[in-house]
Each structure stands twice: as C-alpha cells, then as structure tokens.
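Let me begin by presenting the structure, written as structure tokens, before commenting on it.
Labels below follow one simple rule: chain letters A, B, ... track the order of the sequence lines, proteins then strands, and each chain is numbered from 1. This one's a predicted model, so the numbers in the text were calculated from it and none came from an experiment.
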Amino acid sequence: MADRAQPLIARAPGRAAAGLVLALVAAALAAVVWRAEPGRGMGPSDWAAVRFTVVQALWSAAISVALAVPLARALARRRFAGRNVLVSLLGAPFILPALVAVLGLLAVFGRGGWISAALNHVGLGPLEIYGLHGVVLAHVFFNLPLATRLLLQGWQSIPAERFRLAAQLGFAPADTFRLLERPMLARAVPGALAIVFALCLTSFAVALTLGGGPHATTVELAIYQAFRFDFDLGRAAVLSCLQIAVAGAAGFVALRLTGTEGFGTGLGRATRRWDAPGGALAVLDAVVIAGAVSFLALPLLAVVASGLPGVPGLPAQVWRAAAVSVGVALLSTLLMLALALPMACTAAAAVARAPGGTGANTGGGAIELAGLLGLVASPLVIGTGLFIWLNPVVRPADVALGVTALVNAVMALPFALRILVPRACEIATDHARLALMLNMAGWHFLRRVMLPRMRPRIGFAAGLTAALSMGDLGVVTLFADPSRGTLPLEMYRLMGAYRMDAAAAAGLVLLALALALFWALDRWGRGDAEA
Amino acid sequence: MKYLAFAAGVLGATAISAETPELTVYTYDSFVSDWGPGPAVEAAFEQTCGCDLRFVGAGDGAALLARLRLEGARTEADVVLGLDTNLTAAARATGLFAPHGVAADLDVPGGWSDPDFLPFDWGYFAFVHGTDITAPANFRALADSDLRIIIQDPRSSTPGLGLLMWVKTAYGDTAPEIWQGLADNIVTVTKGWSEAYGLFLEGEADMVLSYTTSPAYHLIAEGDDTKAAALFDEGHYMQIEVAGKVAGTDRPELAEAFLAFMISDAFQSIIPTTNWMYPAATPEAGLPEGFDTLIQPGKALIVAPQDAPAVRDAALAEWLTALSR
C-alpha cells in the first residue's frame, strides 16, 4: 500500500510544520549562542537546579497522574447533572496565570489561608506550605485537570461496543478494569506523565515562591539569572539544551513504555455505560469527584472572592489590555492549529501505511518530540533568540504581539499534539482500509473522515491554547510596547504600583476571559456529544 | 488600498511626522505604566521640548541593561533611565554611555559625582510591617525573633539584591552568620517585589522587604496608617536610580535637555507619589504631606558602584550557601 499513487494522507505539510518548529528553536538557540560573551560557565548551583527541577517534576507528574486515574474513571462511568460544566471547569486551574494561581492557592493553603485559620480554631499551628511539598501541591493543582482530561480521552477512545459486550458478558468492575481499562491506561498514562513532566520542568515563579528558598531553584530560574543577572548568554543556551535533553529523554521513555493498541474498532457512537456499579463504588466515585472538585475549586473561589470587589472600578487600560490579550490568544490558536493539525496528520499517515501495525505508537513519536521542543527550550531563550534576529530589521514593539502569539502557539504545541495525535492515529487505523478501498484519499479523506472525527479534540486543543496564551506573561515583556500591553502585563503593572486590589480584579477578569475562550472552543468541539 | 492606508496609519500612529524629533527613553516597565511617573513626565516634557518623547519599557533595571547589551551600538535608545548603582559599573563597561554633562545640585545622601549617570530618585530598603507588631531594631534581633519575613530573590529582583548588599555592607565577613540566623525567619523567597508584597498583604508573613517609603503609599493613596517600616540601627542600604545618555544617540542635545529636565522641579515633583521614592533634587514645594511620617535611617549604607559587581557575586555565593542548607 505504501507504493500507491496517492497516499491516504500527504506527509509533507506535517513534516514541514515540524521542520518549522525545529528551525525556529534552532535559530533562536543559535542567535543566543552567537551573541554570547565569555561567561563563567556551568557552576555547581546550576547542577543543583537541574537536580531539583527533575525531582519536583517527577513528583508532580507522578502524583498528578496517579490522582487523575480514579478521577477520570469516576467521571467516565458516572452521569450526573452538571457533569459537562464540571469537565469544562476542569480546564480552569491549568489556564490560570501562575501568579493568580499562587495567590489563590495561598488563600486556601497558606499560613494566613482558610485551612490555617480553621486549624487555628482547634488550637493547631498554621499549615506550613512552603517546601518541595508546596511546589508539588501547586503543580498538581495546575496539572491534575489536564491529566484527567487526557485520561478521559483514553476512556472515550474505548469503542462503545466493547462496554456493551462487557455488560452482556456480565463483567464486574474488576474485569472491566483488567480487560478494557488497564490496556487503555497503558497507552494513555505514559504520554500524560511525559507532558505533565515537561510542563513542570519549565516552572519558575511558582516553584520558587512555594519552594520557600533558593534550594527551590529550577533550570528556568537559572536561565533567567544567566540572562538578567550575569548576562551570560552561553550559559543560558547550555541550560536550555539541558532542559531539552531531560524532556526529550522523558518523552522517549514515555514512548517506549506506551502499550500497544487494542483490537477492533467501533462505529463511533456515544458511549453508554451499563457497568457503573452502585453501592460502595458509587460512594467512592462520589468522594473522589467531590474531593477533586473542592481541591480545585477552593483556590479558584479565593481568586473570585478577592477580585470581585475591584472589578467595577477597573481602569480603562485593563479592559483595553483584555481586548489585546483576546486578540493574541485567537491568533495564537490559529497558529497552533496551522502547525499541529498537519503534524497530527503526518503522524497518522505512518499508521495509514501499515494499518493494524504498531505505527500508532511510533508514528507520532518523532512528531511529538519535535513538538515538545518549543516548550522545553525555554520561552525566554526563544524570545531572546527571536529578539536578536528581529531587532536589526524591525522595531521590537511593532512585532510584540505577533511574536507573543507565535511563541505561545509553539509552547502549546506539546499539549495540542498529545490531544490530537492519538486520535488521528486511531482514525487512520480504523478507517484506512475502507478509505483506500473506496479510493478516498488525500483531501477527501481528511474532510470526510479525519476532521469530523477530530473535532472534539481540535476544540479542546484550541481552547487550551487560547486560554494558555491569555494567561502567559512570557516574551511580551522583552518586546513590550507600553501602549499595547497584554492583560497579564497590565496586572503586573498594577501590582508594581501597589494596587493589589485592582490587580486581583484584573486577575479575575483574566480568569473569566480565559475560561470563556476555553469553554467556547471546547464546547464547539464537543458539539452535542459529551466528553 | 483604502484599508492598507488605514492599517499603515494605525501601525505608524506612534511614529508621528518627520518634523517632530523623537526622543526614545528606555526605562523599566513600572515607570511607564499608567500608574507610574511615565505619563505625567511625558506630558510635562513635551510641553517644552517641541519633541515626541517615547518611553520603551523593558522589565526591571537589570532586564533593561540586558536588553541594551543585546542591542549593542544599534540601540535606538537615546536615554536609559532606571539603572541603579549596582548596575552602573556593568553599564559603563559596555561603552554605550556618554557623559551627561549636567551640573546639578542634588539631595542624594552621600553626594553624587558620576560623570556618566545622573540620579533621578533614591530610597532606602526596609522591612515593612503592620503596626500591630513590635519591629526588631536590627538584623540580629530579627534573626532571634520568631517573626516571619518574605524576601525577594537577588538573582531576579532589585530589592532582593539590595538586601544582599545591605547585609554584606553592615556585617562584612559575618554576613553568612546573619543569613543562617535569618533562615528560619524566611517564609519564602519570591521572584519579584510584586509577589512578595502581595503575599505580605495577604497575611503570609509579618514583614516584607520593601522600601522605607512604602508606608507613604498606604497613608497617602489609601488613608491607611497601619503600615510602618522597621528602623534598623545598622543603617539602611540605599538604592539610587540613575539615567544615562546613550553615546550613539542621534539627538544628543535633546537627550541632555531631557536629563536636565529630569532633575528639575517639574519631573522631581512627580516622583514621590508615582514611583514612591525620594526625589533626587527636592522640589521647591517640598515633599508631599505624609512623607514626614516616614522613618529616617541614621546611617545610609551603599557599596561604591565600581565595587558593586565583585561584592555582589561574593554575597550571592554566601547567600546561596547559607539558605540552601
């Protein structure tokens, strides 16, 4: 089939997109190295930063995913009022800007937080949140929802027919787990672990603030220090490469651990579960869902409570900045889709060439690893590299928003690919034979088969990207134009001017807008189906 | 075509027509924000200069210098405003600055005689606390107390670096001892001033590293007199914020006019209630009401600018060692 005149899916556009990402990262790194002056090189404190970064990212990824399994399982087999809203709201912590999230978390878990106040009533000292456990707690808060959504997708990828068969055969929950869910988890968990790990690698302000001191220095902070404090561009580039190597290794291990695809496909009808057990298991699921909701919702409530009073009095600049941010977020989403969709299709093409083979796991591998680059190469390094390239040609302020959108799109690529690639591979596996028999290849296959089935994933990926871009302070500070600041930048400016209440209100506006964008796009993707 | 012309008009709106000379001033981001001195300064200078003053914000003081070094001689900056004495040695070493040529009578403690850099404001670092606690009188008392403090990371924050230099100048070789004593008082270390101050106001700590002038904000802008700065008997470390003329500027006269304007009353009277620092040359009308309630340190500490880089690196190594245990 590989020799057919017209392949099922053209691979060139996806390869070109992956090549573009590679070229962007390589060009940025090269520019930074080119401008490097002799520096002090890597020191022991840099290696300590690498160690701490890897340790906290491992813990954060492991705990996030371990908690996500029972939560996703409960959400997959239960139907209740408000479930769809809950699944949408699950996106909220992930898209919160770091600073807003930290303030929200501390309002609950901090020394002056709600829990400490409650402990105080019963005569106990305040909660000590600062330390490695605080860093992990914050990262679990950020990433548990993402991991849950990724695993929930795994549950959805089990054809409805299998659950019906399981019900007919009288499977107990343990059997369902052993025969249907465990193999699915073997495919979904490594990828989720790798993506959360990569996200936590690049954490900086959150890790430092909740880590409680310089021992909580991450590689990203070391990069920032190399730039800002020592102006040692060479060291910044080395650290960025180290971060790429660590994330690349994690991604590679995840790919090797990923289990193989199950058997047979379904008709893609909505899953109905006959096996949701009652009794003790129903109570357990309820506890899991309630526990997760309170863990995730309380800090969000704190953000709302502290921001709400200031919203009516917000200065006009904040609303202007909000409009700018929405524009950047939408542009960034378009750029992400322009990169991610061809890449996902190329990954699927490998499967289409050998339907039923193991291509589903290896085909997307190289593509996904390329997608990881943009995130783990450090946005600061990419931004600086772009700055060095662009500065001689244009005024940095004139391209600030475009560059921000591009960097955000590239940063969101790893999540987008993790969401899109497995589904694209499944579709190719399930439909390649029939499509080729019908001589329906190329654009027709994409339009009639691939894209309609991808729609929920496209909506989810687009929603995440838009929201992520809304909340990112990122490179805009390097290129900033005072008159066209983004909302996160405006929020920092308010804080810098002592106006903490107005900043809290701006944070709430940011949360609401990011959530609205996420909700609208995710909702569009899901159509009438449920997640 | 019509749309293209419109788009060009929108994009070029900041460039103004060729007749009006443009003066580009690089500064830190909070200076240009709508709540900082930037907008008022721009309006005041444009009234007299017959020019268009354009501020470009870039992070904080250290990020500003990093940006300038990235751009090198090609920079479009005519003036750089917002470096401090910890950065002037490195800034001078880039060779990008020219003497400012402004003779001035300044009120900066310890005097000022730098040919390349001219101060526009200054302040003392201090620990800010609520008036409901009894503040310690020095670092040793603070270390012995069970008060909880939040500080900033010297690698990513100007006040954080200021504290490092403060302890080093006050205690010299025994600075590591002080840091070890403080270790159990430090709740956490934040990336920047905003995070630290925000956490302090949320009740996460008893004291936060800031400036002696911080209570003035609460008093003047919010009518809140429950914040105070702790007076330390070792003396307080100073931050002197300066501006310099870029050597490669194509508008040297305008740049000098701006620097002269910078220490005039029109500019200086804007500083206290927008940047919340002391003006480098006290305006004729004096300081705003409320500034008289602030603590007056008995001794102003500062490391000579040329020694700052070496002191900084040694102090950072000590700090990392003491707090990483």
Side-chain angles (χ1 to χ4, degrees), chain A residues 35 37 45 48 99 102-103 106-107 110-113 130 134 204-205 208-217 221-222 224-225 227-231 233 306 315 317 384 387-388 391-392 395-398 477-478 480-483 485 489-490 492-500 502-504, chain B residues 11 14 29-30 32-36 38 55-60 62-63 65-67 69-72 74-76 90 148 153-156 161 183 186-199 201-205 214 217-218 221-222 274 276 312 316-317 319-320 323-325:
Chain A
R35 286 302 311 272
E37 297 161 16
S45 62
L99 180 58
V102 166
L103 288 176
L106 289 176
R111 294 174 49 81
Y130 302 94
F204 160 14
L208 181 67
T209 305
L210 288 168
H215 51 82
T217 297
L221 170 55
Y224 190 78
Q225 178 192 355
F227 263 117
R228 182 191 165 283
F229 193 84
D230 300 322
F231 199 67
L233 298 180
S306 72
Q317 299 90 324
T384 307
F387 183 90
I388 294 170
N391 186 44
R395 255 188 194 178
D398 292 342
T477 50
L478 196 61
D481 172 348
S483 58
L489 185 61
E490 211 62 40
Y492 265 91
R493 286 176 176 167
L494 280 166
M495 285 191 94
Y498 287 90
R499 284 161 177 76
M500 302 290 169
Chain B
L11 290 174
T14 50
D29 193 68
S30 64
V32 290
S33 93
D34 292 286
W35 304 276
F55 280 119
V56 174
D60 64 355
L65 181 58
R67 169 153 179 181
R69 290 171 83 162
L70 273 183
E71 296 183 344
R74 206 192 283 112
T75 183
E76 54 169 0
R148 309 295 307 254
D153 196 310
R155 295 167 294 178
S156 56
L161 181 58
I186 296 171
V187 173
T188 193
V189 177
T190 64
K191 178 189 167 195
W193 178 89
S194 302
E195 288 93 338
Y197 210 80
L199 291 185
L201 292 181
E202 293 287 320
E204 284 299 296
S214 297
Y217 169 78
H218 297 284
E222 298 178 337
T274 51
W276 302 99
R312 179 194 88 152
L316 178 67
W319 183 80
L320 284 172
L323 291 192
S324 290
R325 293 210 177 138

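At a 4.5 Å heavy-atom cutoff, the contact between B/Arg74 and chain A is made by side-chain atoms alone. Using a 4.5 Å cut-off between heavy atoms, A/Leu208 touches chain B through backbone and side chain atoms alike. For chain B, the nearby parts of A/Tyr498 are the backbone and the side chain; heavy atoms of each come within less than 4.5 Å. Contact annotation for A/Leu103: only side-chain heavy atoms (C-beta onward) come within less than 4.5 Å of a heavy atom of chain B. With a 4.5 angstrom heavy-atom cutoff, B/Ser214 touches chain A via backbone and side-chain atoms both. Proximity to chain A is limited to the side chain of B/Leu316, based on heavy atoms less than 4.5 angstrom apart. If you measure heavy-atom distances from A/Phe204 to chain B, the contacts under 4.5 Å come from the side chain alone. Using a 4.5 Å cut-off between heavy atoms, B/Tyr217 contacts chain A through its side chain alone, with no backbone atom that close.
Per-residue heavy-atom pair counts under 4.5 Å with chain A were compared for B/Thr274, B/Ile186, B/Leu199, and the maximum is reached by B/Leu199. No other option in A/Ala504, A/Ala216, A/Pro392, A/Ala48 has as many heavy-atom pairs under 4.5 Å with chain B as A/Pro392. When each of A/Gly211, A/Gly110, A/Gly134 is scored by its heavy-atom pairs under 4.5 Å with chain B, the top score falls to A/Gly110. Between chain A and the residues B/Ala196, B/Ala66, B/Ala90, B/Ser156, the most heavy-atom pairs under 4.5 angstrom are made by B/Ser156. For the options B/Thr190, B/Val187, B/Leu201, heavy-atom pairs under 4.5 Å to chain A are most numerous at B/Val187. Your options are B/Arg148, B/Glu222, B/Arg155, and the one with the most heavy-atom pairs under 4.5 Å with chain A is B/Arg155. When the candidates B/Ser194, B/Gly203, B/Gly72, B/Ser33 are compared by the number of heavy-atom contacts under 4.5 Å with chain A, B/Ser194 comes out ahead.
In plain terms, the two heavy atoms of B/Pro154 and A/Phe229 that are nearest each other are O-CE1, 3.2 Å. In terms of heavy atoms, A/Pro214 sits closest to B/Leu323 at CG-CB, 3.4 Å.
Checked by atom type and distance alone, the side chain of A/Arg111 never pairs as donor or acceptor with a backbone atom of B/Ala205 at under 3.5 Å. A donor-acceptor pair under 3.5 Å is formed between the side chain of B/Glu204 and the backbone N or O of A/Gly112.
Taking the side chain as every heavy atom from C-beta outward, B/Asp153 and A/Gln225 never approach each other to under 4.5 Å. Side-chain atoms of A/Phe231 and B/Leu65, non-hydrogen and from C-beta on, never get closer than 4.5 Å to each other. In this structure the side chain of B/Val189 never reaches within 4.5 angstrom of the side chain of A/Thr209, judged on heavy atoms. Under the 4.5 Å side-chain criterion, counting only non-hydrogen atoms from C-beta, B/Asp34 is in contact with A/Glu490.
Between A/Asn391 atom CG and B/Leu70 atom CG the span is 8.0 Å, to the nearest 0.5 Å. Between A/Leu489 atom CG and B/Asp29 atom CG the span is 5.0 Å, to the nearest 0.5 Å. Here B/Trp35 contributes atom CH2 and A/Met495 contributes atom CE; the two are 13.0 Å apart, rounded to the nearest 0.5 Å.
Partners of B/Glu71 under the salt bridge (Lys or Arg N to Asp or Glu O under 4.0 Å) rule, at least two apart in sequence or in another chain, are B/Arg67. The side-chain hydrogen bond (donor to acceptor under 3.5 Å, both in side chains) check on A/Arg35 picks up nothing, with sequence neighbours excluded.
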